[in-house]
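The next block holds one structure in the form of structure tokens; read it before the comments.
Residues take their numbers from the sequence shown, with the count starting at 1.
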Amino acid sequence: REFGYGTYSGKALCSAETFVPETGIYLVKFAHINDSAKLIIDGKDQGIRIAPPYCWQVVLEAGRHKLELEICNNSGNRDRNLGLPAGIIL
């Protein structure tokens with residue numbers, strides 16, 4: 001039985017560049033993350049979120065910026081698809 005990426009457990013790093021037209025306070029928000037995420041902008045750690053809302057309020061200067069999102073999950077994806085107990089088990 002082949003599971004593909006739906007069963008992946010571990011860390012993924014996504015990156016993109018963006019241009020900010022003027023210096024200000026911005027809200028960086030992601031809608032579809034299920035476990036934990038760390039935002040890095042221009043090499044500076046902006047913090048980790050472990051539950052919704054996955055958003056960060058950041059001050060950005062005008063210009064180009066590199067955004068990196070490090071997403072981590074646990075073995076729940078694999079375990080649920082294999083019919084194994086997942087989550088908090090009492």
Side-chain angles (χ1 to χ4, degrees):
R1 183 163 136 171
E2 188 174 317
F3 292 113
Y5 291 116
T7 62
Y8 177 77
S9 294
K11 186 187 304 185
L13 181 64
C14 306
S15 64
E17 287 192 9
T18 189
F19 178 79
V20 174
E22 58 185 64
T23 299
I25 299 172
Y26 291 87
L27 185 64
V28 180
K29 184 176 181 179
F30 297 91
H32 300 290
I33 297 173
N34 292 321
D35 284 321
S36 70
K38 176 168 71 171
L39 179 64
I40 302 162
I41 300 178
D42 299 329
K44 296 178 185 172
D45 187 336
Q46 302 297 315
I48 297 173
R49 303 294 182 266
I50 61 169
Y54 294 97
C55 59
W56 292 259
Q57 184 173 308
V58 296
V59 176
L60 296 175
E61 294 183 14
R64 294 189 91 56
H65 297 278
K66 181 178 181 181
L67 281 69
E68 298 173 280
L69 187 66
E70 186 178 280
I71 304 165
C72 297
N73 71 355
N74 57 33
S75 61
N77 288 343
R78 181 198 66 222
D79 294 348
R80 277 186 293 276
N81 285 330
L82 292 174
L84 299 172
I88 298 174
I89 302 169
L90 302 174

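Clustering of Ile, Leu, Val, Met, Phe, Trp and Tyr side chains at separations under 4.5 Å leaves Leu27 isolated, with no partner residue. If you chain together ILVMFWY residues whose side-chain heavy atoms come under 4.5 Å of each other, Val59 ends up grouped with Ile25.
The CD1 atom of Ile71 sits 5.0 Å away from the CD1 atom of Ile33 when rounded to the nearest 0.5 Å.
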Under 3.5 Å, side-chain donor or acceptor atoms of residues 39-58 against the rest of the protein: list the pairs with distances, not counting sequence neighbours.
from  : atom 1 : to    : atom 2 : distance (Å)
Asp42 : OD1    : Lys66 : N      : 2.8
Asp42 : OD2    : His65 : ND1    : 2.5
Asp45 : OD1    : Gly47 : N      : 2.7
Gln46 : NE2    : Lys44 : O      : 3.2
Arg49 : NE     : Cys55 : O      : 3.0
Tyr54 : OH     : Asp35 : O      : 2.6
Trp56 : NE1    : Gly47 : O      : 3.1

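Screening residues 50-62 for salt bridge (charged side-chain N to carboxylate O under 4.0 Å, His left out), with sequence neighbours left out, gives no hits.
The nearest pair of heavy atoms linking Pro21 to Ala62 is O-CB, 3.7 Å.
Applying the salt bridge (charged side-chain N to carboxylate O under 4.0 Å, His left out) criterion to Glu17, with sequence neighbours excluded, gives Arg64.
In this structure the side chain of Leu69 never reaches within 4.5 angstrom of the side chain of Val28, judged on heavy atoms.
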